[in-house]
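Single-structure report; data block below.
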Amino acid sequence: MDKHLAGIDFSAPSAEVARRLIGVTMLVDGVGGRIVETEAYDRTEPAAHSFNGPTPRNFSMFGPPGRSYVYRSHGLHWCLNFVCREEGHGAGVLIRALEPLAGLERMRERRGLDDPRLLCSGPGRLCQALGVTREFNNLALDAAPFALLAPEAGAAVAVLAGPRIGISKAVELPWRFGLAGSRFLSKPMR
DNA sequence: TGTATGATCGCCT
DNA sequence: GGCGATCATACAG
């Protein structure tokens, strides 16, 4: 597949891909919105699932870039990543929050909530809102059910960086990225 | 506004 | 047997 998607080169380092994904619109079966928060992971640092090599859970992280890696977190939530770098490297970007724009009614049904700020503001929440489960693992991001749309040309996207959330290793790396001023972040940027 | 806790599964030591 | 790339709820201040 073409490694360039929504104007982003997915063979680039995960931190660069994570930064450039802010402002991109992501849809799953037509439901989704603008990406406002991401985190980068790379096999070279111990917070990444790929750090210890391939396992049955993380094998899609070692496949070609531009595909999905979906895993179960804490036994009950799903989390969505976009694979990057070259095939076999083991890098990805965790999608942590969206600004809901399309399919709001579907999201409300799935989440059992009305407040738009609680629909997609967290990696587990957005997967529930978009209906992402294990069946969506290791799929190409340039084909249905996924769709990625670049921001409008010339649109200014102000991105802030900070430490990643919920990890205990490599906590110092500033590999969390967020849209400045967004009300849809899982937590404010520092 | 903040801190604690339970739910519950796959992988690692 | 322990520990997460989490979330919702319960409580304290």
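Throughout, protein chains are lettered first and strands after them, A, B, ... in sequence-line order, and every chain is numbered starting at 1.
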Problem set entry | Donor-acceptor pair, side chain of A/Asp114 and main chain of A/Arg108, under 3.5 angstrom | no
Exercise. Are the side chain of A/Arg111 and the backbone of A/Met107 linked by a donor-acceptor contact shorter than 3.5 Å?
Worked result: no
Exercise. With no hydrogens and no angle check, is any side-chain donor or acceptor of A/Asn58 less than 3.5 Å from a backbone partner on A/His49?
Worked result: yes
For this session: Specify the separation, in whole Å, of atom CZ of A/Phe82 and atom C1' of C/dA5.
Result: 15 Å
Exercise. Any sub-3.5 Å donor-acceptor pair from A/Ser50's side-chain atoms to A/Ala91's backbone N or O?
Worked result: no
Problem set entry | Side-chain donor or acceptor of A/Arg20 paired with backbone N/O of A/Gly7 under 3.5 Å | yes
Exercise. Contacts to DNA chain B from residues 39-61 of chain A, heavy-atom cutoff under 4.0 Å, which residues?
Worked result: A/Thr55, A/Pro56, A/Arg57
Exercise. When you match A/His77 and A/Arg134 each to their closest nucleotide on DNA chain B, which lands nearer the 5' end?
Worked result: A/His77
Exercise. Do side-chain atoms of A/Ser68 reach the backbone of A/Leu139 as a donor and acceptor pair under 3.5 angstrom?
Worked result: yes
Problem set entry | Nearest-0.5 Å distance, CG of residue A/Leu5 to CZ of residue A/Phe146 | 11.5 Å
Exercise. Roughly how far apart, to the nearest Å, are B/dT13 and C/dA5 at atom P?
Worked result: 14 Å
For this session: Answer with base, sugar-phosphate or nothing: what part of the nucleic acid does A/Leu94 contact at a heavy-atom distance below 4.0 Å?
Result: base
Problem set entry | Nearest-Å distance once atom P is located in both B/dT5 and C/dG13 | 14 Å
For this session: Indicate whether any N or O donor in one side chain lies under 3.5 Å from an N or O acceptor in the other, for A/Arg125 and A/Ser121.
Result: yes
For this session: Could you provide the dot-bracket string of DNA chain C, using ( ) for intrastrand pairs, [ ] for crossing pairs and | for bases paired to another strand, with Watson-Crick or G-U pairs below 3.5 Å?
Result: ||||.|||||||.
For this session: Say whether, by atom type as modelled, one donor and one acceptor occur between the side chain of A/Glu37 and the main chain of A/Ser186 under 3.5 angstrom.
Result: yes
Problem set entry | Donor-acceptor pair, side chain of A/Glu39 and main chain of A/Ile165, under 3.5 angstrom | yes
Exercise. Which heavy atom in A/Val70 sits nearest to a heavy atom in A/Phe136, and how many Å separate them?
Worked result: CG2-O, 3.6 Å
For this session: Check for a donor-acceptor pair, side chain of A/Asp9 on one end and backbone N or O of A/Ser11 on the other, with a separation under 3.5 Å.
Result: yes
Exercise. So, are A/Arg19 and A/Glu16 salt-bridged, with charged N and O less than 4.0 Å apart?
Worked result: no
Problem set entry | Close approaches to DNA chain B from residues 177-189 of chain A, in residue order (heavy atom, under 4.0 Å) | none
Problem set entry | d(CG, A/Asn81; P, C/dA5) in whole Å | 11 Å
Problem set entry | Atom pair distance, as rounded to whole Å: CG in A/Leu76 and C1' in C/dG4 | 12 Å
Could you tabulate the donor-acceptor pairs under 3.5 Å formed by side-chain atoms of residues 151-164 of chain A, not counting sequence neighbours?
residue: A/Arg164; atom: NH1; partner: A/Ala40; partner atom: O; Å: 2.9
residue: A/Arg164; atom: NH1; partner: A/Glu45; partner atom: OE2; Å: 3.0
residue: A/Arg164; atom: NH2; partner: A/Glu45; partner atom: OE1; Å: 3.1
residue: A/Arg164; atom: NH2; partner: A/Ala170; partner atom: O; Å: 3.3

For this session: Please find the earliest and latest nucleotides of DNA chain B, in the 5' to 3' direction, that have an atom within less than 4.0 Å of any heavy atom of chain A.
Result: B/dA7 to B/dC12
Seminar exercise, completed: Taking every heavy atom of A/His89 against every heavy atom of A/Phe62, the minimum-distance pair comes out as O-CE2, 4.0 Å
For this session: For each nucleotide in nucleotides 8-13 of chain C, reading 5' to 3', give B when a protein heavy atom comes within less than 4.0 Å of its base, S when such contact involves only the sugar-phosphate, and - otherwise.
Result: S-----
Seminar exercise, completed: In terms of heavy-atom contacts, A/Leu149 and A/Ala6 come closest through C-CB, 4.0 Å
